[in-house]
Amino acid sequence: VNPVPSGSLTSTPFTTATTASICDGSSITFTATPGSGNTYNFKVNGTSVQVPSTSNTFTTTTLTNPSVVTVDVANASGCTTTFNAIAVTVNPPPSGTIAITENSGAINNSEICLGSSATYTFSNTGYTTYVWKINGTTKPGSGNIFTTTELTNTTDVVTVTVTSGS
């Protein structure tokens, strides 16, 4: 009597033993417990996603909701088992727009006098972090509203990187 392979399937990033959460388009790697002479057939929602091989890892950036990843493992004796399933939640990226208000010269005409303040507002609130930058340099502050007096020329670019925490 030959034993069936034993082990488990894990993911990086990791949420729990049976769930994972990623942002849309992010990379996630699944790793099956390695074994001597084993072959691995990774599946997403029951469909094989790679040719069975001796590689015990599967990496993807193309999962959608809902996605359940499993792996069928066969040992050198030909005995096969399926390791635990991992349900993956794919979260949409943060979205929104930036609005600017200023009161130098003609109010809110997008022309700012040197040294005057400009306030930028990201339209959606409730995200984990907001990192504001001027010309690629991170500026102090947090939240969806950023006020600056540092704009010095017409080519200055203000951006915000938003993290949803999912």
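From a predicted model like this one, the values you see are computed outputs, not experimental measurements. These values consider heavy atoms only, across backbone and side chains, with no hydrogens, waters or symmetry-generated copies.
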Undergrad: Could you walk me through whether Val73 and Thr39 pass the side-chain contact (heavy atoms from CB on, under 4.5 Å) check?
TA: CA-CA 6 Å; Val73 182; Thr39 58; over 6 Å; no
Undergrad: State whether the side chain of Tyr127 and the backbone N or O of Asn124 hold a donor-acceptor pair below 3.5 Å, judged by distance alone.
TA: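 No, because the side chain of Tyr127 does not come within donor-acceptor range (under 3.5 Å) of the backbone of Asn124.
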Undergrad: Without hydrogens or angle criteria, can the side chains of Thr80 and Asp72 be said to hold a donor-acceptor pair below 3.5 Å?
TA: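 There is no such pair (donor and acceptor under 3.5 Å, judged by atom type) between the side chains of Thr80 and Asp72.
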Undergrad: Can you see whether Asn135 engages Asp156 through a side-chain donor-acceptor pair at a distance of less than 3.5 angstrom?
TA: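 Asp156 and Asn135 do have a side-chain donor-acceptor pair below 3.5 Å.
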Undergrad: Is any side-chain heavy atom of Asn144 closer than 4.5 Å to one of Thr121?
TA: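 When only atoms from C-beta onward are counted, Asn144 and Thr121 do touch, with a gap below 4.5 Å.
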Undergrad: Identify the heavy atoms of Ile112 and Ala118 that sit nearest to each other, and give their distance.
TA: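 Of all heavy-atom pairs spanning Ile112 and Ala118, the closest is CD1-CB, 3.6 Å.
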Undergrad: Looking at Ile22 and Pro13, what are the two nearest heavy atoms and their distance?
TA: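 Closest approach of Ile22 to Pro13, heavy atoms only: CG2-CG, 3.7 Å.
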Undergrad: Treating Ser123 as the side-chain partner and Thr97 as the backbone partner, does any N or O pair qualify as donor plus acceptor under 3.5 Å?
TA: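 Confirmed, Ser123 side chain pairs with Thr97 backbone.
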Undergrad: Please confirm whether the backbone N or O of Gly143 pairs with a side-chain atom of Trp132, one donor and one acceptor, at under 3.5 Å?
TA: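 Between the backbone of Gly143 and the side chain of Trp132 there is a qualifying donor-acceptor contact (under 3.5 Å).
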Undergrad: Provide the closest heavy-atom pair for Tyr40 versus Thr33 in the form atom of the first, atom of the second, distance.
TA: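 Here Tyr40 and Thr33 meet closest at OH-O, 3.3 Å.
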Undergrad: Answer yes if Tyr130 and Ile100 sit in the same cluster of Ile, Leu, Val, Met, Phe, Trp and Tyr residues linked by side chain heavy atoms under 4.5 Å apart, and no otherwise.
TA: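 Yes, because Tyr130 and Ile100 connect within a single hydrophobic cluster, where side-chain heavy atoms sit under 4.5 Å apart.
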Undergrad: Looking only at the side chains, is there a donor atom on one of Thr89 and Asn65 sitting less than 3.5 Å from an acceptor on the other?
TA: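 No, no side-chain donor-acceptor contact under 3.5 Å.
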Undergrad: Can you name the nearest heavy-atom pair linking Val90 to Cys23, along with the distance?
TA: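 That closest heavy-atom pairing would be CG1-C, 4.3 Å.
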Undergrad: For side-chain hydrogen bond (donor to acceptor under 3.5 Å, both in side chains), just list the numbers for Ser21 and Asn91, CA-CA rounded to whole Å, side-chain angles, deciding distance to a tenth of an Å, and then say yes or no.
TA: CA-CA 7 Å; Ser21 180; Asn91 298 300; 2.8 Å; yes
Undergrad: Under 3.5 Å, is there a donor-acceptor pair linking the side chains of Thr60 and Thr62?
TA: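 Their side chains do contain a donor-acceptor pair, which is all the 3.5 Å distance test asks for.
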Undergrad: Indicate the atoms forming the closest heavy-atom contact of Phe122 with Ile98, along with that distance.
TA: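 Result for this residue pair: CD1-CG1, 4.1 Å.
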Undergrad: Nearest 0.5 angstrom please: Ile28 CD1 to Thr12 OG1, how far?
TA: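 Going from the CD1 atom of Ile28 to the OG1 atom of Thr12 covers 8.0 Å.
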Undergrad: Return yes if a side-chain donor-acceptor contact under 3.5 Å exists between Thr163 and Thr128, otherwise no.
TA: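 Checked: Thr163/Thr128 side chains show no N/O donor-acceptor pair below 3.5 Å.
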Undergrad: Assess, by modelled atom type and distance only, whether the side chains of Ser8 and Asn84 contain a donor and an acceptor separated by less than 3.5 Å.
TA: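 No - no donor-acceptor pair under 3.5 Å links their side chains.
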Undergrad: Counting C-beta onward and ignoring hydrogens, is there a side-chain heavy-atom pair between Ile86 and Val88 closer than 4.5 Å?
TA: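 A side-chain contact exists here, since the closest heavy-atom pair is under 4.5 Å.
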Undergrad: Does the side chain of Phe146 reach to within under 4.5 Å of the side chain of Ile134, using non-hydrogen atoms?
TA: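 Of all side-chain heavy-atom pairs linking Ile134 with Phe146, at least one is under 4.5 Å.
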Undergrad: First locate atom NZ of Lys43, then atom CZ of Phe58, and finally report the distance between them rounded to the nearest 0.5 Å.
TA: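 Spacing of NZ (Lys43) from CZ (Phe58) equals 13.0 Å.
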Undergrad: As a test of understanding, state which of Val44, Asn45, Val49 forms a side chain to side chain contact (heavy atoms under 4.5 Å, CB included) with Leu63.
TA: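 Going through the options one by one, the only one that passes is Val44.
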Undergrad: With respect to Thr82, which candidate in Thr70, Leu9, Val4 satisfies the side chain to side chain contact (heavy atoms under 4.5 Å, CB included) definition?
TA: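 Answer after filtering Thr70, Leu9, Val4: Thr70.
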Undergrad: I'd like to know if the side chain of Ser48 reaches the main chain of Gln50, judged simply by a donor and an acceptor atom lying under 3.5 Å from each other, with no hydrogens or angles considered.
TA: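 No, Ser48 side chain to Gln50 backbone: no donor-acceptor pair under 3.5 Å.
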Undergrad: To the nearest 0.5 Å, what is the distance between CD on Glu102 and OG on Ser116?
TA: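 If we round to the nearest 0.5 Å, Glu102:CD and Ser116:OG are 8.0 Å apart.
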Undergrad: With side chains defined as the heavy atoms from C-beta onward, is the minimum distance between Tyr120 and Thr148 less than 4.5 Å?
TA: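 Result yes, sub-4.5 Å side-chain heavy-atom pair found.
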Undergrad: So how far is it from Leu151 CG to Cys113 SG, rounded to the nearest 0.5 Å?
TA: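 That separation rounds to 12.0 Å.
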Undergrad: Kindly give the heavy-atom pair with the smallest separation between Asn56 and Ala32, and that separation in Å.
TA: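 Taking Asn56 first and Ala32 second, the nearest heavy atoms are ND2-O, 2.7 Å.
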Undergrad: Does Lys139 reach the side chain of Glu150, with side-chain heavy atoms less than 4.5 Å apart?
TA: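 With C-beta onward as the side chain, the pair touches.
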